[in-house]
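Small disclaimer: the values here were computed from a predicted structure and weren't measured.
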Amino acid sequence: MKIYSVKDKEFNEYGKIIGGDFSELIKVLHTKECPNSGVVYVPSDKDLENLHSASYLQNECFGGLPIQIGYCNGVNDTLNCLEYHKSSEINIAESDTILLLGKQQDIVNGEYDTVNVQAFLVPSGCAVELYATTLHYAPCGNGFRVAVVLPKGTNYDKPNGVKDAMLCGSNKWLLAHKDAPEAKKGAYIGIIGNNIKINLA
């Protein structure tokens, strides 16, 4: 699979690079748990949210809306799922990290074919905005650390009484591949095609 850079024009349909100095945030991010296998996701971390850059992200990137800053750290080489939010998401990479991305518009009759997935390298220290229509999930990398910025309250419990099978949490719509661990836990199976793997060697 070809891996583009977020600096390539192919990324323009999915998001954009965010300017700013995130060196302090990345320094704090480096202190957070990073498992040797699997991935840990924390939606809100007070150490990150108390940094000066949090105000910049809230005001300049989310227009003053309350935000949460968490992280997704670990080891991953497989697509497994794709999710989207009714909002942009900002990812800030501590080290070179690969994102597997798709478009919400390519979900047809509740299914998304992985032939449409594209891979993008986010260089160390780079911040990117992923648009609300961009499908994404856990980054790929060996020992990656990525800060995740979203509107406050995202990725928590699913609201009661909602019948949308894809909605698996607050502001979180998710499609799983049949072979994904999430599918075995009851996630909506909507990804068809190969469960993409990235060679991390």
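For Val75, the side-chain contact (heavy atoms from CB on, under 4.5 Å) test picks out Asn142, with sequence neighbours left out. Under the side-chain contact (heavy atoms from CB on, under 4.5 Å) criterion, Asp21 pairs with Ser23, sequence neighbours left out. Scored by the salt bridge (Lys or Arg N to Asp or Glu O under 4.0 Å) test, Glu89 finds no partners at all (sequence neighbours excluded). In this view, Cys126 and Val6, Ile17, Val122, Pro123, Val128 satisfy the side-chain contact (heavy atoms from CB on, under 4.5 Å) rule, not counting sequence neighbours. Partners of Tyr71 by ring-ring contact (aromatic ring centres under 6.0 Å, His included), not counting sequence neighbours: none found. Residues passing the salt bridge (Lys or Arg N to Asp or Glu O under 4.0 Å) test with Glu13 are Lys103, sequence neighbours excluded. Residues that satisfy the side-chain contact (heavy atoms from CB on, under 4.5 Å) test with Pro139, not counting sequence neighbours, are Cys72, Thr97, Leu99, Phe144, Val146.
For residues 50-67, no residue pair satisfies the side-chain hydrogen bond (donor to acceptor under 3.5 Å, both in side chains) rule, not counting sequence neighbours. Applying the side-chain hydrogen bond (donor to acceptor under 3.5 Å, both in side chains) test to pairs two or more places apart or on separate chains, those with a residue in residues 105-126 are Tyr14-Gln118. Pairs engaging residues 147-167 under the salt bridge (charged side-chain N to carboxylate O under 4.0 Å, His left out) rule: none recorded [sequence neighbours left out]. Under the salt bridge (charged side-chain N to carboxylate O under 4.0 Å, His left out) criterion, the residue pairs touching residues 65-87 are Asp77-Lys197, Glu83-Lys172, with sequence neighbours excluded.
Counting heavy atoms from C-beta on, the side chains of Leu174 and Tyr84 never come closer than 4.5 Å. Using a 4.5 Å heavy-atom threshold, the side chains of Leu57 and Ile90 count as touching.
Other residues, nucleotides and ligands contribute only 12 or fewer heavy atoms inside 6.0 Å of the CG atom of Asn36.
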Which donor-acceptor pairs under 3.5 Å do the side chains of residues 177-186 make with protein atoms, sequence neighbours left out?
{"from": "His177", "atom 1": "ND1", "to": "Asp179", "atom 2": "N", "distance (Å)": "3.1"}
{"from": "His177", "atom 1": "NE2", "to": "Gly193", "atom 2": "O", "distance (Å)": "2.7"}
{"from": "Glu182", "atom 1": "OE2", "to": "Tyr137", "atom 2": "OH", "distance (Å)": "2.9"}

